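Please read the structure below before turning to the comments.
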Number of protein chains: 2
Amino acid sequence: MDALDILVKHDIKPSLQRLAVMEYMLTHFTHPTVDEIYSSLSPSIPTLSKTTIYNTLSLFEEQGVVLYLGIDKKNARFDGNTSHHAHFRCKNCGAIVDIFNQKQEEIVLEGHPELVIDDVQTYYTGYCKNCKK
Amino acid sequence: MDALDILVKHDIKPSLQRLAVMEYMLTHFTHPTVDEIYSSLSPSIPTLSKTTIYNTLSLFEEQGVVLYLGIDKKNARFDGNTSHHAHFRCKNCGAIVDIFNQKQEEIVLEGHPELVIDDVQTYYTGYCKNCKK
DNA sequence: ATTACATTTGTAATGATTACAATTTTATTT
DNA sequence: AAATAAAATTGTAATCATTACAAATGTAAT
């Protein structure tokens, strides 16, 4: 499924800018920041504004086509892979690693039937291969 | 175990300010922001500076006496309860709820023996009792 | 075409956090 | 106890990601 399909399926009007951002997210599973996306797309779309990247990612997140990651204290990061997985961040070098082999959590939390859970994010922190002593 | 004990045990020199912050964290498990802590302590310590709250919480976090919570996009939040538990945030009212009945995760992630895990944070988002339709 | 509506853009404002130098407090040495 | 050194606190200014907003542009509808 390509960028256009995903946008259409989620009732997002596929403008040039939105398609470019979606396409970027589908080819860069690097948990990019707004700046990284902007810097990468700006040369090919010279009129592009950083505000558009913010607007677009905000819209994408509301529609569930990207995931907002709060794992990084400094910047928001985004993930084009919306399937269930966790993330690891190295405290030394900042690398972010996908963690896939996790069992799916219960959607309804035991002991909290009053809460409606829409999303779960799990963030591990520690040291990666290169940074552990 | 009171505030003084905890600081001494973690090699943190117990200044007036640090004791006040630690005491606050041990009596307010509300996941407070820096501003909330500052506003609460400022009247009784008139010379208190907000920078001191930042410095103190940063030190506390390094020493593992409080937990940094990245669950809130706007502000850093802190938790004086460092035992294993998750957090839920209501998308509507912003309420943060402790989630205790979780099984402890594996410390070494299956499939990622190269990573040294120091910490795990799990953030649920959705709607609380009052905000669900 | 013309009008209405949605999207994009650029600039300015916001606001949490950090940097840093000066001051104050605490510990150490003579 | 005074003098010195070290640590902690304070206040102000800088940083910088994000948001607000109004103007401009693009797209759809009448």
Side-chain angles (χ1 to χ4, degrees), chain A residues 3-4 7-8 10-24 31-63 65-78 89 91 94 96, chain B residues 3-4 7-8 10-24 31-63 65-78 89 91 94 96:
Chain A
L4 179 61
L7 297 192
V8 169
H10 287 83
D11 295 312
I12 297 169
K13 223 171 282 182
S15 69
L16 177 76
Q17 292 84 346
R18 289 170 178 172
L19 277 169
V21 173
M22 192 70 243
E23 179 65 25
Y24 184 90
H31 319 100
T33 64
V34 166
D35 265 40
E36 286 165 358
I37 300 169
Y38 176 76
S39 299
S40 176
L41 299 181
S42 186
S44 51
I45 308 175
T47 63
L48 188 62
S49 166
K50 206 177 282 186
T51 301
T52 298
I53 307 291
Y54 276 102
N55 290 342
T56 300
L57 290 169
S58 174
L59 175 66
F60 283 8
E61 200 221 340
E62 282 166 23
Q63 299 304 323
V65 305
V66 301
L67 242 43
Y68 169 90
L69 300 186
I71 198 174
D72 187 340
K73 237 177 262 210
K74 297 267 176 195
N75 303 306
R77 292 183 172 275
F78 295 88
R89 181 178 50 80
K91 283 192 226 178
I96 295 178
Chain B
L4 179 60
L7 296 192
V8 169
H10 286 84
D11 296 312
I12 297 169
K13 223 171 281 180
S15 69
L16 178 75
Q17 292 84 346
R18 288 169 178 173
L19 277 170
V21 173
M22 190 72 241
E23 179 65 26
Y24 184 90
H31 320 99
T33 64
V34 165
D35 264 40
E36 285 165 359
I37 301 170
Y38 176 77
S39 299
S40 175
L41 298 181
S42 186
S44 51
I45 309 176
T47 64
L48 188 63
S49 167
K50 205 176 281 185
T51 302
T52 298
I53 308 291
Y54 276 102
N55 291 341
T56 301
L57 290 170
S58 173
L59 176 66
F60 284 6
E61 199 220 340
E62 282 166 21
Q63 300 304 321
V65 305
V66 301
L67 243 41
Y68 168 90
L69 301 186
I71 198 174
D72 187 339
K73 237 177 265 213
K74 297 266 177 198
N75 303 306
R77 292 184 172 275
F78 295 88
R89 180 177 51 80
K91 284 192 226 179
I96 295 179

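All values derive from a computational prediction rather than experimental measurement. Every chain is numbered from 1, with letters handed out A, B, ... down the list of sequences.
In this structure, the CG atom of B:Asp35 is 10 Å from the C1' atom of C:dG15, given to the nearest Å. Between the CZ atom of B:Phe60 and the C1' atom of D:dA8 there is a distance of 13 Å, rounded to whole Å. Atom NZ of B:Lys13 and atom P of D:dA7 are 7 Å apart (whole Å). What separates CD1 of B:Ile37 from C1' of D:dT9 is a distance of 17 Å, to the nearest Å. What separates NZ of A:Lys73 from C1' of C:dA16 is a distance of 13 Å, to the nearest Å. We find that CD1 of A:Ile53 is positioned 12 Å from P of C:dG10, with the value rounded to whole Å. If you measure from atom CG of A:Asn75 to atom P of D:dT15, you get 17 Å, rounded to the nearest angstrom. Atom P of nucleotide C:dT7 and atom CD of A:Glu62 are separated by 12 Å, given to the nearest angstrom.
A salt bridge links A:Glu61 to B:Lys73: one of the charged nitrogens lies within less than 4.0 Å of a carboxylate oxygen.
For A:Val34, whose side chain is taken as the heavy atoms from C-beta onward, the closest listed nucleotide among D:dT12, C:dT8, D:dT18 is D:dT18. Side-chain proximity of B:Leu48 to the nucleotides D:dT10, C:dA16, C:dT9 is greatest for D:dT10. Checking C:dT18, C:dT7, D:dT9 against the side-chain heavy atoms of B:Gln17 singles out D:dT9 as nearest. The A:Ser49 side chain lies nearest to C:dT9 when the options are D:dG11, D:dT9, C:dT9. Side-chain proximity of A:Asn55 to the nucleotides C:dT8, D:dT19, D:dA17 is greatest for C:dT8. Among the nucleotides C:dT8, D:dT19, D:dT9, the one closest to the side chain of A:Tyr54 is D:dT19.
Heavy atoms of B:Lys74 sit under 4.0 angstrom from primed sugar atoms or phosphate atoms, though from no base atom. Note on B:Thr33: nothing from the nucleic acid sits closer than 4.0 angstrom, heavy atoms only.
Scanning both residues, B:Ile96 and B:Arg77, for their nearest heavy atoms gives CD1-CD, 3.2 Å. Contact record, B:Arg89 with B:Gly94: CG-O, 4.0 Å, taken as the closest heavy-atom pair.
Side chains of B:Ser58 and B:Tyr68 form no contact here, defined as non-hydrogen atoms less than 4.5 Å apart. B:His10 has its side chain out of reach of B:Phe60: every pair of non-hydrogen atoms, C-beta onward, lies at least 4.5 Å apart.
Phosphate contact (OP1/OP2 of C:dT8, side-chain N/O of A:Ser15, threshold under 4.0 Å): present. Note on B:Thr51: every side-chain N or O is 4.0 Å or more away from OP1 and OP2 of D:dT9.
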